[in-house]
Amino acid sequence: MADSQFNPLGSVTAPADWTLPASLNLLLKNVYASFDGTGAGGSFVPCLQIVSDSGHTVGTYPCATTVAAGASADVTWFPRVKQPCPDVPPAPPLGQLWAWYDFSDSSTVTISGGRISALADKSGLGHNLSGAAGHRPTTATVNGLTAGYFDSFAVANAALVNLSISDPLAQPFTIAGVFTQDHANFANWWPGAWGGSLNDGTANCFWNDSGAGPWLNSGVGSIQGTQVNLPCTQIQVTEIADGASSSIRVNGTATAGNLGSPSYPVASVSLGAQHYPNNPVTPAQNNYLDGKVCEVLYYFGHLTSAQIAGVESYLKTKWGT
Amino acid sequence: MAKPLTAPIAENLVIGDGFIVRFAAVDPTTGATVTGVKVTNVNIDGDTLGSSGPPDNTVVGPYLLVGGPDA
């Protein structure tokens with residue numbers, strides 16, 4: 001292993017590419033660049049992207065700070081010294097958050113009697129969750145960070161819910177998250193990681209009892225994502241609910257589909273309970289998650305490909321998917 | 001005066017032959033490319049790995065940075 005410095009020449013217009021020379025593998029230590037926004041068409045976020053030789057974006061690393069049009073910034077990217085800190089914001093926060101649930105941020109988690117009684121929404125919009133006594137999840141560790149453990153085979157129907165949302169999230173919207181599914185599938189078990197509640201067809205992410213899934217359902221239709229066999233360790237799922245332009249992405253692999261009409265908004269939120277019949281307290285089926293939910297972000301709108309790459313990179317790095 | 005900023009990249013991030021390091025300026029709301037932003041003074045510091053890399057003490061670079069898509 002030898003230290004190498006690369007100093008590409010000149011002044012170029014962003015986006016600017018540097019292609020790694022042939023026969024070279026490089027462990028990145030620090031990357032530096034000056035961004036001159038004197039002639040910028042608007043405010044901007046300096047962003048570093050790594051693109052594989054097959055053209056796949058394998059990492060997107062934006063700054064957390066927006067640079068005003070006409071201003072400039074000298075940016076240094078450096079590897080995380082350890083696993084991401086719980087207070088690292090989504091990268092990039094380019095979309096507008098409707099809700100953000102992050103079990104690794106202890107400031108948002110309320111523990112009562114050793115179990116999670118409440119989880120605060122970090123978006124600032126107040127879509128906080130709570131768990132009914134006797135149905136509360138506990139905590140577990142995923143990738144060195146604290147996750148919510150919905151151990152529904154130990155505590156019946158563990159879930160965190162908000163059934164009183166006054167500002168539903170209408171389509172199009174995007175949900176990205178990370179969770180585990182710790183139990184093999186069996187009959188009459190349609191466990192979910194996140195979703196609405198009480199009404200079949202609200203936005204959710206679940207398996208059916210044949211083990212097929214995960215699925216996105218947020219309308220009269222549904223889309224099955226790339227098959228993940230149960231049980232599974234942490235996976236990253238992104239769902240875009242946008243009528244005929246919907247898709248579900250499982251560990252970065254997209255499956256497109258049509259959710260049909262009517263298109264349901266997120267009018268309530270549950271973590272740990274779905275698919276149907278949906279009642280987070282008294283289910284007719286044992287359809288509750290036996291697994292860990294790590295983090296879930298709800299965004300207004302159909303995020304752009306760059307925004308999706310950003311939030312997926314953030315989740316992938318943080319939770320080791 | 002340019003504002004100094006820092007941002008994290010993944011730990012133990014290894015890039016290989018043919019990979020691209022892209023410097024972009026994106027809109028904070030839409031993620032679209034913002035026009036008119038110049039990138040200068042690029043410096044990439046890393047450890048070369050494996051037998052395919054240059055030997056110790058080899059001077060590597062400089063390399064020409066070219067405009068990427070939509071530049």
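Chain naming here is simple, since letters A, B, ... match the order of the sequence lines and numbering starts at 1 in each.
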For this session: State, without any angle test, whether B:Lys38 and A:Thr38 hold a side-chain donor-acceptor pair at a distance under 3.5 Å.
Result: no
Problem set entry | Residue among B:Val14, B:Leu5, B:Val34, B:Asn41 with most heavy-atom pairs under 4.5 Å to chain A | B:Leu5
Seminar exercise, completed: Of the listed B:Ala25, B:Ala2, B:Gly36, B:Gly46, the one with the largest count of heavy-atom pairs under 4.5 Å with chain A is B:Gly46
Exercise. About how many Å separate CZ of B:Phe23 and OH of A:Tyr32, when rounded to the nearest 0.5 Å?
Worked result: 11.5 Å
For this session: Look at B:Lys3 together with A:Asp74 and state whether they make a salt bridge at an N to O cut-off of under 4.0 Å.
Result: no
Seminar exercise, completed: Greatest number of non-hydrogen atom pairs under 4.5 angstrom with chain B, of A:Leu26, A:Leu20, A:Thr304, falls to A:Leu26
Exercise. A:Gly37, A:Ser43, A:Gly42: which one forms the most heavy-atom pairs within less than 4.5 Å of chain B?
Worked result: A:Ser43
For this session: Quick one: sort the A:Tyr298 and A:Tyr101 rings into parallel, tilted or perpendicular, breaks at 30° and 60°.
Result: perpendicular
